[in-house]
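Just so it is clear, the values below take in all heavy atoms, side chains as well, and ignore hydrogens, waters and symmetry mates.
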Amino acid sequence: MSGAISDPIDFATRERVRFYRELDEFLRIPSVSAKSEHDADTGRAADWVRERLVRAGLDAEVIATPGHPVVVGEWRGAGPRAPTVLIYGHYDVQPVEPLELWDTPPFEPNIRDGRIYARGSADDKGQLFLHIKALEAHLATRGRLPVNVVVLAEGEEEVGSPNLVPFVREHRDRLAADTVVISDSAMFAPGIPSLLFSLRGLAYFEIHATGPASDLHSGAYGGAVVNPANALARIIGELHDETGRITIPGFYDDVRTPPQDTLDGIRGLPFDADGYAREVGTIPAGGEHAYSPLERLWIRPSCDVNGMWSGYTGEGAKTVLPAHATAKVSFRLVPDQSPDRVKVLLEEHLARMAPPGVKIKVVELHGGRPWLAQPEGPLFAAAANALERSFGARPVLTGEGGSIPIVVELEEILGANSLLLGFALPGANMHAPNEWFATDCFEKGIDTLIHLYDELAQP
């Protein structure tokens with residue numbers, strides 16, 4: 001490498017073309033953790049992360065779990081008096097279906113109109129990659145980092161992280177840190193960076209309704225036998241009342257009301273309802289009518305059907321009365337709700353709702369607890385300074401409607417505080433076709449993290 005560079009920001013600028021090329025390699029690996037047919041690809045993605053950490057200057061290894069492997073990278077040259085930062089991210093991605101809705105193939109990255117289109121570009125390969133490149137920039141120019149660093153990259157976040165908590169408990173001493181930094185979320189708007197103060201939790205279930213022993217002729221039995229599909233549709237339809245409130249008795253008993261300054265901060269943000277409608281193709285009219293859209297997304301719980309199926313769904317007609325009907329239903333939770341308590345309440349409610357002749361069974365898929373931070377003190381100040389140095393704007397405090405189940409567990413097991421700063425933009429189609437990551441956020445994200453490690457090293 002000719003022309004040695006001593007400043008990490010200058011290094012990142014000069015190496016930008018290579019960074020894009022390497023990200024392209026990473027995004028081409030179809031590491032879909034939910035599908036066993038991609039198990040080898042998921043393993044390949046773990047190896048890729050390990051290799052890039054080693055090239056950046058860290059010690060790194062791939063560690064097997066009962067599921068997909070975990071990658072751990074370490075650099076501890078800052079000494080025992082320097083803080084230790086744990087960087088968490090995930091290299092697995094969501095399934096890509098429906099494939100026909102992608103404008104370009106999901107695992108063939110395409111840059112157009114200032115966006116990187118590919119599955120995983122925003123969630124979370126692209127954002128994990130930012131950290132790797134920021135670490136590399138420091139080590140390549142200064143030969144050291146201002147803080148001790150542990151990188152923890154898993155391959156099961158998109159399926160609920162079933163093996164990560166046992167892994168963290170087993171390796172608690174090795175993963176010990178003062179601060180956990182996670183980039184797996186979005187900015188509030190273009191040019192307006194943000195710091196998260198909350199994440200909603202998740203309780204995700206399958207509801208099975210079973211009636212007759214087998215499918216029946218709808219003419220011979222319709223009207224005499226209760227149709228499980230009809231019964232389940234009615235039950236689902238009555239999970240909300242006319243004001244958008246969830247009707248399960250006791251569901252809101254554990255919902256914590258945020259302090260007034262939090263509510264005032266949310267209401268003071270410039271929410272663009274028309275822009276939101278353009279992004280998603282419909283108006284923000286769901287949820288509880290008594291709350292604003294941002295309040296519904298960030299500090300209120302929700303209940304949504306994620307899928308339903310029953311009977312004959314093929315081409316043409318088949319007059320069948322189905323024996324079975326299924327729905328996938330997810331609840332987003334807020335402090336102080338818990339997935340276990342929601343399951344009990346749901347089972348009791350469905351047992352009361354089930355008509356004679358239909359049995360209801362609830363199967364838990366996965367869940368995670370909500371997270372709430374105190375958005376003040378030196379940790380948030382360090383992140384705010386880093387963001388302002390890169391984006392030229394002071395960050396706003398925001399919530400996140402989605403879930404990162406491991407955040408609460410990392411804090412409890414390691415005794416560390418978490419810092420969540422993401423660089424995706426609203427409408428980035430995470431979990432949907434045509435997922436994208438803005439090139440401007442990609443470049444400024446690396447710069448922000450370079451600054452962040454310096455800021456976190458300050459007394």
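Both the sub-6.0 Å distance and the 45° axial angle are satisfied by R245 relative to the ring of Y252. Both the sub-6.0 Å distance and the 45° axial angle are satisfied by R112 relative to the ring of Y117.
Between R300 and E295 there is no salt bridge, since none of the side-chain N atoms of the basic residue sits less than 4.0 Å from a carboxylate O of the acidic one. Checked for salt-bridge contact, D24 and R28 meet the test: a charged N lies under 4.0 Å from a carboxylate O. Using a 4.0 Å cut-off between a side-chain N of Lys or Arg and a carboxylate O of Asp or Glu, D440 and K444 qualify as a salt bridge. A salt bridge links R55 with E51: the distance from a Lys NZ or Arg NE/NH1/NH2 to an Asp or Glu carboxylate oxygen falls below 4.0 Å. Here E136 does not pair with R52 in a salt bridge; the nearest charged N to carboxylate O distance is not below 4.0 Å. By the 4.0 Å N-to-carboxylate-O rule, K133 lies close enough to E22 to be salt-bridged with it. Salt bridge annotation for E412-R369: present, with a cationic side-chain nitrogen under 4.0 angstrom from a carboxylate oxygen. A salt bridge is absent between R341 and D336: the closest approach of a Lys/Arg side-chain nitrogen to an acidic carboxylate oxygen does not fall below 4.0 angstrom. Between R50 and E61 there is no salt bridge, since none of the side-chain N atoms of the basic residue sits less than 4.0 Å from a carboxylate O of the acidic one. Using a 4.0 Å cut-off between charged nitrogen and carboxylate oxygen, K35 and E97 count as a salt-bridge pair.
Looking only at atom types and distance, the side chain of D92 has no donor-acceptor partner in the side chain of H68 under 3.5 Å away. Counted by atom type alone, S390 and D447 present zero donor-acceptor pairs between their side chains at under 3.5 Å. Looking only at atom types and distance, the side chain of S338 has no donor-acceptor partner in the side chain of D340 under 3.5 Å away. Side-chain atoms of E400 and W371 form no donor-acceptor pair, as typed in the model, at a separation below 3.5 Å. Side-chain contact of S161 with E154: a donor-acceptor pair under 3.5 Å is present, judged by distance alone. N306 and S330 are linked by a side-chain donor-acceptor pair at a separation below 3.5 angstrom, with hydrogens and angles left out of the test. Side-chain contact annotation: R332 with S403, donor-acceptor N/O pair under 3.5 Å present. Using modelled atom types, one finds no donor on one side chain facing an acceptor on the other under 3.5 Å when comparing Q94 with D123.
Here the closest heavy-atom approach between residue V49 and residue A153 is recorded as CG1-CB, 4.3 Å. The nearest pair of heavy atoms linking G445 to L130 is CA-CD1, 4.1 Å. Closest of all the heavy-atom pairs between N434 and L101 is ND2-O, 3.0 Å. Residue V407 comes nearest to S418 through the heavy atom pair CG1-OG, 3.8 Å, listed as atom of the first residue, atom of the second, then distance. Taking both residues in full, the closest heavy atoms of A45 and S31 are given as CB-CB, 3.8 Å, listed atom of the first, atom of the second, then distance. Of all non-hydrogen atoms in L27 and A118, the two that sit nearest each other are CD1-CB, 3.9 Å.
One distance of note links CG of L414 with OG1 of T84; it measures 11.0 Å at 0.5 Å rounding.
Proximity of V334 to W298: side-chain heavy atoms (C-beta onward) are nowhere separated by under 4.5 Å. Residues R14 and I5 meet the side-chain proximity criterion, which asks for heavy atoms closer than 4.5 Å. For the pair L269 and V396, the minimum side-chain heavy-atom distance is below 4.5 Å. Residues L164 and E156 have side chains not in contact (no heavy-atom distance under 4.5 Å, counting atoms from C-beta outward). Looking only at side-chain heavy atoms (C-beta outward), H349 and F251 stay at 4.5 Å or farther from each other. Proximity of Y20 to I111: side-chain heavy atoms (C-beta onward) are separated by under 4.5 Å at one or more points. Contact of the K328 side chain with the L365 side chain is registered, since non-hydrogen atoms from C-beta on lie closer than 4.5 Å. Contact of the L99 side chain with the P106 side chain is registered, since non-hydrogen atoms from C-beta on lie closer than 4.5 Å.
Side-chain atoms of R296 come within 3.5 Å of backbone N or O of G286 as a donor-acceptor pair. In terms of modelled atom types and a separation under 3.5 Å, the side chain of E74 and the main chain of V151 share no donor-acceptor contact.
Between H131 and Y453, the two ring planes are tilted [angle within 30° to 60°]. Below 30°, between 30° and 60°, or above 60°: for H38 and F107 the angle between ring planes is between 30° and 60°, a tilted geometry. Relative ring orientation between F271 and Y276 is described as tilted, the plane-to-plane angle lying within the 30° to 60° band. By the 30° and 60° cut-offs, the orientation of the rings of F129 relative to F26 is tilted.
Within a 6.0 Å radius of CG in D264, other residues, nucleotides and ligands contribute more than 12 heavy atoms. Surrounding CG of D272 are more than 12 heavy atoms belonging to other residues, nucleotides or ligands, all under 6.0 Å away. Counting non-hydrogen atoms of neighbouring residues, nucleotides and ligands closer than 6.0 angstrom, the CD atom of Q374 reaches no more than 12 such neighbours.
Here the rule is side chain to side chain contact (heavy atoms under 4.5 Å, CB included) with N385, and of Q458, H451, E455 only E455 fits it. If you run side chain to side chain contact (heavy atoms under 4.5 Å, CB included) between T398 and each of L297, L195, I266, L196, only L196 comes through.
No close placement of the F442 and F19 rings is indicated, their centers lying 6.0 Å or farther apart.
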